[in-house]
There are 2 protein chains.
Amino acid sequence: MPDVKHFDPEAVLDSAEELFWRRGVTSTGVRDIVSATGVNRSSLYATFGGKRELYVAALRRYADRRSGPVFRRLAEDDRGLPAIADFFRALIRARCSGEHARWGCLVTNAHAGPEQDDPDIRSVLQDHHDRLRAAMCAALERARATGGLRPDIVPATSADVLALLAYGVNLRSRAGASPEALDETVTAVLASLATRPEEIR
Amino acid sequence: MPDVKHFDPEAVLDSAEELFWRRGVTSTGVRDIVSATGVNRSSLYATFGGKRELYVAALRRYADRRSGPVFRRLAEDDRGLPAIADFFRALIRARCSGEHARWGCLVTNAHAGPEQDDPDIRSVLQDHHDRLRAAMCAALERARATGGLRPDIVPATSADVLALLAYGVNLRSRAGASPEALDETVTAVLASLATRPEEIR
DNA sequence: GCTAACTTGGAACGACCATTCCAAGATGGC
DNA sequence: GCCATCTTGGAATGGTCGTTCCAAGTTAGC
C-alpha cells in the first residue's frame, strides 16, 4: 500500500476559498496557497491538478457551503417577506462588517472577472443564480399564500428583481457602501411587494 | 524646441479602455496595448506613467465619455419614468448584443476586482455611483411632478434601488443573461413605482 | 546647419507566474 | 524487513509581467 496524504484537502480548499475570495483569482498565486497552508507545491498539484481546478473547487465549495445553507433556509422559511428581509439584513451585515467585510461575494466577483469565460465556472455561476432565484421565489410564494403579497406581484419575476438586488448589494459593499443605506434600499423594494409595507421589519 | 509626439494619446486611451473593458485589468498587459496601438513601450511610459495610470485614465474616460452622456440625458429627460425605461432598454441592449455584448460595464467590473483598493480608482467608482443615483433621482422627481409616481415612493431611495438594479444588469449580462428576462425584471421594478403601471412602456 | 530638448526603438532587468520533474521519504501489506 | 506505491521537498523550467535604460532619431528655433 502506498503512502497516505500528510494533509487535509478540505482544509486546503478552505484556505484557497478564503484567499480567492479576499484577494481575487488573479492576485492569488499558488505560492500564496502554499504558504497559507504549509502544503507543498507538488502535493497541491498532485491532489487538485492546478490553479484552475483549485479555484473551481473553491468556488463550488463557496456555493455549496456558504450560499447553499442560506438559500435553503430562505426557501424553507414559512414567513414569506420577513424571511426575505432577514436574508438581506444578514447579507448586508456580512458584507459590510465582521471578518469578511468588503470582500463581496466570491460568486458575484467571479461574474466581473475574466474567469467567467471558463465553462465550468460559468455553470457554477448559473447554478448559483438559479438557486438564489428559486429560494426567493419560494419565499415569495409563501408570502402570497398568507396574503402578504400585493395582488399584481408575480413571484417569479420579483424573485429575479431580488436576485439582481442581492448582486448589487454584494458589489457596492465592496466599494464601501454604508449598511444603513443598503438596508434602506432593500426595505424600499420589499415595501413595494408587501400588502402591508409596515409589517416587513 | 523638442521633438513632438508621433501619436495621439487620446487614441491610445481609446484602445486601452477597450482592452481593459473587454479583457479586464489583470488580463491586459502593457504589451497588449503596445501591439494594439503600435505605440512603443517607452512612449507609453513617458506619456502616461505606467499601467496603473493608464488604467485610471481609461476608467475616467469611460465614466466621462460613456456613462456621462447617458446619465445626463436621463437627468434632463422630461418624461420621468419612460426616460428610465428607455435608459434600461438601451442598457440591456448594449450589454447583451452588438459590439460590446457580454463585456459588462468597466466601472461595475472594477467594483469586483482587486483594482478597487486603489484610492484613485475608488473615487472614480464613488463618483460614477453618485452621478447615476443623481440622474435616476432627477428622473424620478420629474415623474413625481407629473403625477406619475405612486405617493409612497421616495425618489432618493428608489434612485438607489434603480442604481443597484443597473449594477445587477451589468453583472448578469456578462454571464449571458437573456435580454428578454432582464427587460421583464426591470419592467417589474418600474411598474412598482408607477401610478399607472400600464403606461411605462 | 547647428543644437538643445524631447521622442522613439529595442534590448535588458528583475520579479513573479504556473507548472514540471526527480530524487528522497513515508507508508502499509506481505 | 522488504517492496511497490504514493507523497513530499525543492530545485528548475519557460514564460510573462511591469518597468528601466540608453543610444539613435526627430523636431523646432537660432
Take atom [atom1] of [X] and atom [atom2] of [N], then tell me their distance rounded to the nearest Å.
{"X": "B/Phe7", "N": "C/dG9", "atom1": "CZ", "atom2": "P", "answer": "10 Å"}
{"X": "B/Arg31", "N": "C/dC17", "atom1": "CZ", "atom2": "C1'", "answer": "15 Å"}
{"X": "A/Asn40", "N": "D/dA11", "atom1": "CG", "atom2": "C1'", "answer": "11 Å"}
{"X": "B/Ile33", "N": "D/dT16", "atom1": "CD1", "atom2": "P", "answer": "17 Å"}
{"X": "A/Leu19", "N": "C/dC17", "atom1": "CG", "atom2": "C1'", "answer": "16 Å"}
{"X": "B/Tyr55", "N": "D/dT19", "atom1": "OH", "atom2": "C1'", "answer": "20 Å"}
{"X": "B/Lys51", "N": "C/dC16", "atom1": "NZ", "atom2": "C1'", "answer": "13 Å"}
{"X": "B/Tyr45", "N": "C/dG9", "atom1": "OH", "atom2": "P", "answer": "16 Å"}

key: B/Tyr62-B/His128 aromatic ring centre distance below 6.0 Å   = no
request  = Look at all strands and tell whether A/Thr28 reaches a base, only sugar-phosphate, or nothing, counting heavy atoms closer than 4.0 Å.
outcome  =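 Touches sugar-phosphate only.
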query = Does any N or O donor sit under 3.5 Å from an N or O acceptor when you compare the side chain of B/Arg41 with the base of C/dT8?
reply = no
message = Regarding C/dG10, can its base be found pairing with the side chain of B/Ser42 as donor and acceptor, where the two atoms are less than 3.5 Å apart?
response =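 In this structure, the two groups form a donor-acceptor pair.
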request  = May I ask you to decide if B/Arg142's main-chain N or O and B/Thr146's side chain share a donor-acceptor pair within less than 3.5 Å?
outcome  =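 Answer holds: yes.
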message = Quick check on DNA chain D: between B/Thr26 and B/Val4, whose nearest nucleotide comes earlier from the 5' end?
response = B/Thr26
inquiry  = If you assign each of B/His6 and B/Gly29 to its closest nucleotide in DNA chain D, which residue comes earlier from the 5' end?
reply    =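 Its nearest nucleotide lies further toward 5', so the answer is B/Gly29.
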[X] side-chain proximity, nearest of [options]:
{"X": "A/Lys5", "options": "C/dT19, D/dG18, D/dT8", "value": "D/dT8"}
{"X": "B/Val30", "options": "C/dG10, D/dG10, D/dT19", "value": "D/dT19"}
{"X": "B/Asp3", "options": "C/dA26, D/dT8, D/dT26", "value": "D/dT26"}

ask   = Do A/Ser43 and A/Lys5 have side-chain atoms, one donor and one acceptor, less than 3.5 Å apart?
value =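 Side chains of A/Ser43 and A/Lys5: no pair found under 3.5 Å.
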query = Any Lys/Arg nitrogen of A/Glu115 or A/Arg52 sitting under 4.0 Å from an Asp/Glu carboxylate oxygen of the other?
reply = no
message = Under 4.0 Å between a side-chain nitrogen and a carboxylate oxygen: does that hold for A/Asp127 and A/Arg131?
response = yes
